[in-house]
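Down below is the structure, laid out as structure tokens.
As the structure is a prediction and not an experimental result, all values here were calculated from the model. Position 1 is the first residue of the sequence, and the numbers go up from there.
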Amino acid sequence: MRRKFFYAILFGVIFLSGAAFSDDAINQLREETLSYFKPLKGKVVSVKGNVITSDLGAQSGIKKGMRVTIFREGTPFLHPVTKEPMGRVETPGGKAEVKNVSSDGSTLEILKGNAREGDILRVSEMKARVLFYQDRNVDWNLGDAYYQALKESGRLELMDTSLDSANDAQIIAEAKRLNAEAVLILTAQESEKEMLLRQRILWTEDSAGLDDREVRVDMAIVKELSAARNMLGPLASAGDVLLFFDLPFSASLLASGDLDGDGNKELIIGSGRELRVYSLGASLVPLYEHKGPGGDDYLWIDTMDVNGDGKDEIIVTAIRGRQVDTSSDTINPTIKDEGKVVSSIYERKGSEFSLLWKGNVFLRALPLLGLIGQHYDEAEGFGGPVFKMNYASGSLAKGDVVKLPLGVNIYDFTYLAGPDGARYTLAYDNSGYLNLYNDDGLRVWQSKEGYQGFRNTFKKSAPTVMVGRGEWSVKDRLFIRSRESFVVKRIPLASMARGLGYKSSQLKTIWWTGLSMEENVLIDGISGGIMDYTFIEDKLVVLSKPLFGLKPKNILKGESPMGSMLYVYSLKGR
């Protein structure tokens with residue numbers, strides 16, 4: 001995800017703050033990188049075995065490690081009318097790498113093909129195709145500013161990659177797939193005062209190293225870039241998406257987890273009573289599918305290693321049939337389908353999912369608490385307090401009650417830490433406003449606007465249709481990353497008629513300073529209504545449904561108008 005306009009300005013911060021850098025390190029890094037791809041033209045002076053001597057000396061800009069193409073002049077070609085010579089046909093004869101450079105010449109090693117005296121040596125004037133890989137330990141703003149500075153030089157055709165935590169072999173394989181001639185790998189080590197930025201450039205063809213250098217960047221500049229980003233507006237818009245997938249089916253839920261224990265998270269998409277599992281890379285690769293019992297409508301999905309086997313299980317809560325008895329302090333998994341809310345835990349076995357546990361209760365996996373539950377009440381929706389769930393020997397037992405502010409239910413809240421390390425509860429109320437409570441249950445902040453329009457809202461039962469008792473809702477996810485809380489904001493088509501649907505959505509972040517809540521729009525302009533979102537390492541995955549749930553363009557193409565959109569954004573360095 002790259003932002004040309006914003007980060008052209010952000011990169012200017014570097015130059016305007018040059019005193020904070022030692023010798024303008026980033027600018028020097030940029031110039032050194034570009035120098036390896038400078039257009040050149042020279043001639044072969046002599047050939048001895050596999051070694052070429054050329055007339056390209058230091059003044060020409062030729063550098064050790066550069067690679068040039070060998071061309072051989074052929075027959076002349078003439079002007080079609082005047083028949084005057086216009087030049088000679090050149091045919092590629094091979095490739096060579098620069099080994100040594102002197103003031104008046106250079107020596108090169110032939111890598112493939114052959115050369116002879118008088119042949120032409122050339123670095124093309126066309127843009128060099130380079131894969132840009134920014135490791136997660138590089139501050140995103142700094143890496144992206146450098147990316148834009150290279151791109152705007154007009155010399156390189158830079159390509160992004162969705163690879164994350166990759167090794168050299170994986171990056172080279174990706175570069176070959178994208179037909180890039182070289183890869184630029186950016187990594188960093190951070191201390192309190194500075195960031196040590198390391199750049200390596202490798203040739204795609206054989207993984208040979210072209211450049212390996214480090215520069216030191218003052219952390220004050222990194223902070224300035226971050227501050228400038230916040231002043232300029234959202235981190236991204238819908239047009240800044242790293243990856244986009246037009247799903248041919250309607251979906252409403254997302255989760256991610258390591259289902260096979262290999263250290264990589266899979267993406268789980270929930271739709272109705274179906275689960276689809278994918279591997280997310282440069283493309284969306286389908287892995288497994290699972291269908292729940294008929295009549296199920298999934299309300300919530302999560303992942304967690306429930307049984308301690310080193311693999312995440314999928315936790316699904318669905319709404320179904322009849323009333324559930326909430327008077328008992330135990331949850332009996334043999335009750336099966338005797339409630340309107342049924343939760344299931346599935347573990348992966350081979351290419352299928354096996355039912356690990358099932359019971360009549362809402363379930364959720366939450367950091368700091370683990371697996372938690374709450375009973376269903378036919379009249380109110382959520383019945384009784386939220387409690388911990390303890391798994392042992394294939395069964396779940398009801399544990400201690402979770403201390404929460406009055407009226408806060410299982411899907412309403414998350415925990416966040418204040419700057420002093422104190423724990424706070426961030427929770428939606430029944431009107432959709434966000435509230436922050438201290439550990440004593442006292443509200444210390446409330447949002448200025450409501451976040452109504454939750455994807456699952458139900459009417460409370462009443463003795464007669466003439467008497468309404470209000471609604472209960474399954475709220476949107478509240479994720480916490482590095483003390484930032486992520487919040488969904490949907491923009492209705494008409495403010496006075498929210499039922500018409502949502503024309504666009506935002507994903508916002510809020511940050512508790514200890515005195516006030518700082519708010520920022522992270523992603524703006526997502527088409528339709530955001531249904532759910534999740535994280536896979538440093539990627540943010542957002543699921544959206546179009547206005548009215550339909551794609552008009554598909555109707556014109558004779559395709560199904562039903563579907564969803566999946567956006568993938570990079571949060572590297574955030």
### Query
Please walk me through it: do I345 and L363 pass side chain to side chain contact (heavy atoms under 4.5 Å, CB included)?
CA-CA 9 Å; I345 302 176; L363 283 185; 4.1 Å; yes

### Query
Below 4.0 angstrom, N of the basic side chain to O of the carboxylate: do D429 and K475 qualify?
no

### Task
Test salt bridge (charged side-chain N to carboxylate O under 4.0 Å, His left out) on K265 and D258 and set out the steps.
CA-CA 4 Å; K265 286 187 175 183; D258 183 6; over 6 Å; no

### Query
With R320, which of V342, V341, N360 fulfils side chain to side chain contact (heavy atoms under 4.5 Å, CB included)?
V342

#### Entry: Contact check, side chains of D476 and R490, non-hydrogen atoms, under 4.5 Å
yes

### Query
Measuring from S564:OG to L543:CG, what's the distance to the nearest 0.5 Å?
5.0 Å

### Task
State, without any angle test, whether R348 and Y288 hold a side-chain donor-acceptor pair at a distance under 3.5 Å.
yes

### Message
Within this structure, what is the OG-CG distance for the pair S447 and L436, rounded to the nearest 0.5 Å?
### Response
11.0 Å

#### Entry: R364 to L478 - nearest heavy-atom pair and separation
NH2-O, 4.5 Å

### Query
Quick one: do the N137 and Q189 side chains pair a donor with an acceptor below 3.5 Å?
no

### For the student: nearest non-hydrogen atoms of V306 and E313, plus distance
N-OE1, 2.7 Å

### Task
Answer whether the closest heavy-atom distance between the side chains of Y533 and L540 falls below 4.5 Å.
yes

### Message
Restricting to ring-ring contact (aromatic ring centres under 6.0 Å, His included), what partner residues turn up for Y411, sequence neighbours left out?
### Response
W300, F362

#### Entry: Full working for side chain to side chain contact (heavy atoms under 4.5 Å, CB included) between Y278 and I269
CA-CA 8 Å; Y278 298 88; I269 302 178; 3.7 Å; yes

### Task
Output the distance between atom CG (N435) and atom CG (D412), rounded to the nearest 0.5 Å.
10.0 Å

### Query
Should the pair K291-E289 be classified as a salt bridge under the 4.0 Å nitrogen-to-oxygen rule?
no

### Query
Does the S544 side chain pair with the main chain of S527, one donor and one acceptor, at a distance under 3.5 Å?
yes

### side chain to side chain contact (heavy atoms under 4.5 Å, CB included) evaluation trace for V541 with D532
CA-CA 9 Å; V541 186; D532 206 353; over 6 Å; no

### Message
Treating K403 as the side-chain partner and D439 as the backbone partner, does any N or O pair qualify as donor plus acceptor under 3.5 Å?
### Response
yes

### Query
Crowded around D262 CG? As in, over 12 foreign heavy atoms under 6.0 Å?
yes

#### Entry: Min side-chain heavy-atom separation F353-L259 under 4.5 Å
yes

### Query
Got a donor-acceptor contact below 3.5 angstrom from the R273 side chain to the G292 backbone?
yes

### Task
Give the minimum heavy-atom separation between Q134 and V138, together with the two atoms involved.
NE2-O, 3.6 Å

### Euclidean distance, N456 CG relative to D297 CG, rounded to 0.5 Å
6.5 Å

### Considering all heavy atoms, the nearest L186-G143 contact
CD2-CA, 4.2 Å

### Task
Report the C-alpha separation of K349 and D260 in whole Å, then their side-chain angles, then the decisive distance to 0.1 Å, and conclude whether the salt bridge (charged side-chain N to carboxylate O under 4.0 Å, His left out) test is met.
CA-CA 9 Å; K349 288 188 175 180; D260 51 15; over 6 Å; no

### Query
Do L426 and L434 touch side chain to side chain, with heavy atoms closer than 4.5 Å?
yes

### Query
Is the distance between the ring centroids of F486 and F535 under 6.0 Å?
yes

### Query
What is the distance from atom CG of L416 to atom OG of S485, rounded to the nearest 0.5 Å?
4.5 Å

### Message
Could you tell me if K358 and S343 have a donor-acceptor pair between their side chains, going purely by distance under 3.5 Å?
### Response
no

#### Entry: Separation of D305 CG from L371 CG (nearest 0.5 Å)
11.5 Å

Could you list the donor-acceptor pairs under 3.5 angstrom formed by side chains in residues 385-392, with sequence neighbours left out?
residue: Y391; atom: OH; partner: G394; partner atom: N; Å: 3.4

### Message
For T457 versus S473, what's the shortest heavy-atom pair and its separation?
### Response
OG1-OG, 3.1 Å

#### Entry: Side chain proximity check, F413 to L404, heavy atoms < 4.5 angstrom
yes

#### Entry: Within residues 423-443 or reaching into it, pairs that qualify as ring pair (Phe, Tyr, Trp, His ring centres under 6.0 Å) - sequence neighbours excluded
Y424-W512, Y428-F454

### Message
Can you tell whether the side chains of K311 and E347 come within less than 4.0 Å, N to carboxylate O?
### Response
no

### Query
Within the side chain of R477, is there an N or O that forms a donor-acceptor pair under 3.5 Å with the backbone of L254?
yes

### Query
Okay, side chain of S271, backbone of E274: is any donor-acceptor separation there less than 3.5 Å?
no

### Query
Does the pair D377 and F382 meet the rule for a side chain to side chain contact (heavy atoms under 4.5 Å, CB included), with working shown?
CA-CA 5 Å; D377 182 278; F382 299 103; over 6 Å; no

### Query
Is there a side-chain contact between Y569 and L242 (heavy atoms, below 4.5 Å)?
no

### Query
Just by modelled atom types, is the G528 backbone N or O under 3.5 Å from a matching donor or acceptor in the S505 side chain?
yes

### Task
Measure across G257 and D312 and return the closest heavy-atom pair with its distance rounded to 0.1 Å.
CA-OD2, 3.4 Å

### Non-hydrogen side-chain atoms of T534 and L267 separated by less than 4.5 Å
yes

### Query
Any Lys/Arg nitrogen of K508 or E519 sitting under 4.0 Å from an Asp/Glu carboxylate oxygen of the other?
yes

### Query
Does a side-chain N-to-carboxylate-O contact under 4.0 Å join K489 and E449?
yes

### Expected output: side-chain Q374 to main-chain G384 donor-acceptor under 3.5 Å
yes

### Query
Checking side chain to side chain contact (heavy atoms under 4.5 Å, CB included) against L566, which of L284, L280, V542 comes through?
L284

### Message
In the structure I gave you, are the side-chain heavy atoms of M565 and F245 within less than 4.5 Å of one another anywhere?
### Response
no

### Query
Counting only N and O atoms by type, is there a donor-acceptor contact under 3.5 Å from the side chain of Q506 to the main-chain atoms of D524?
no

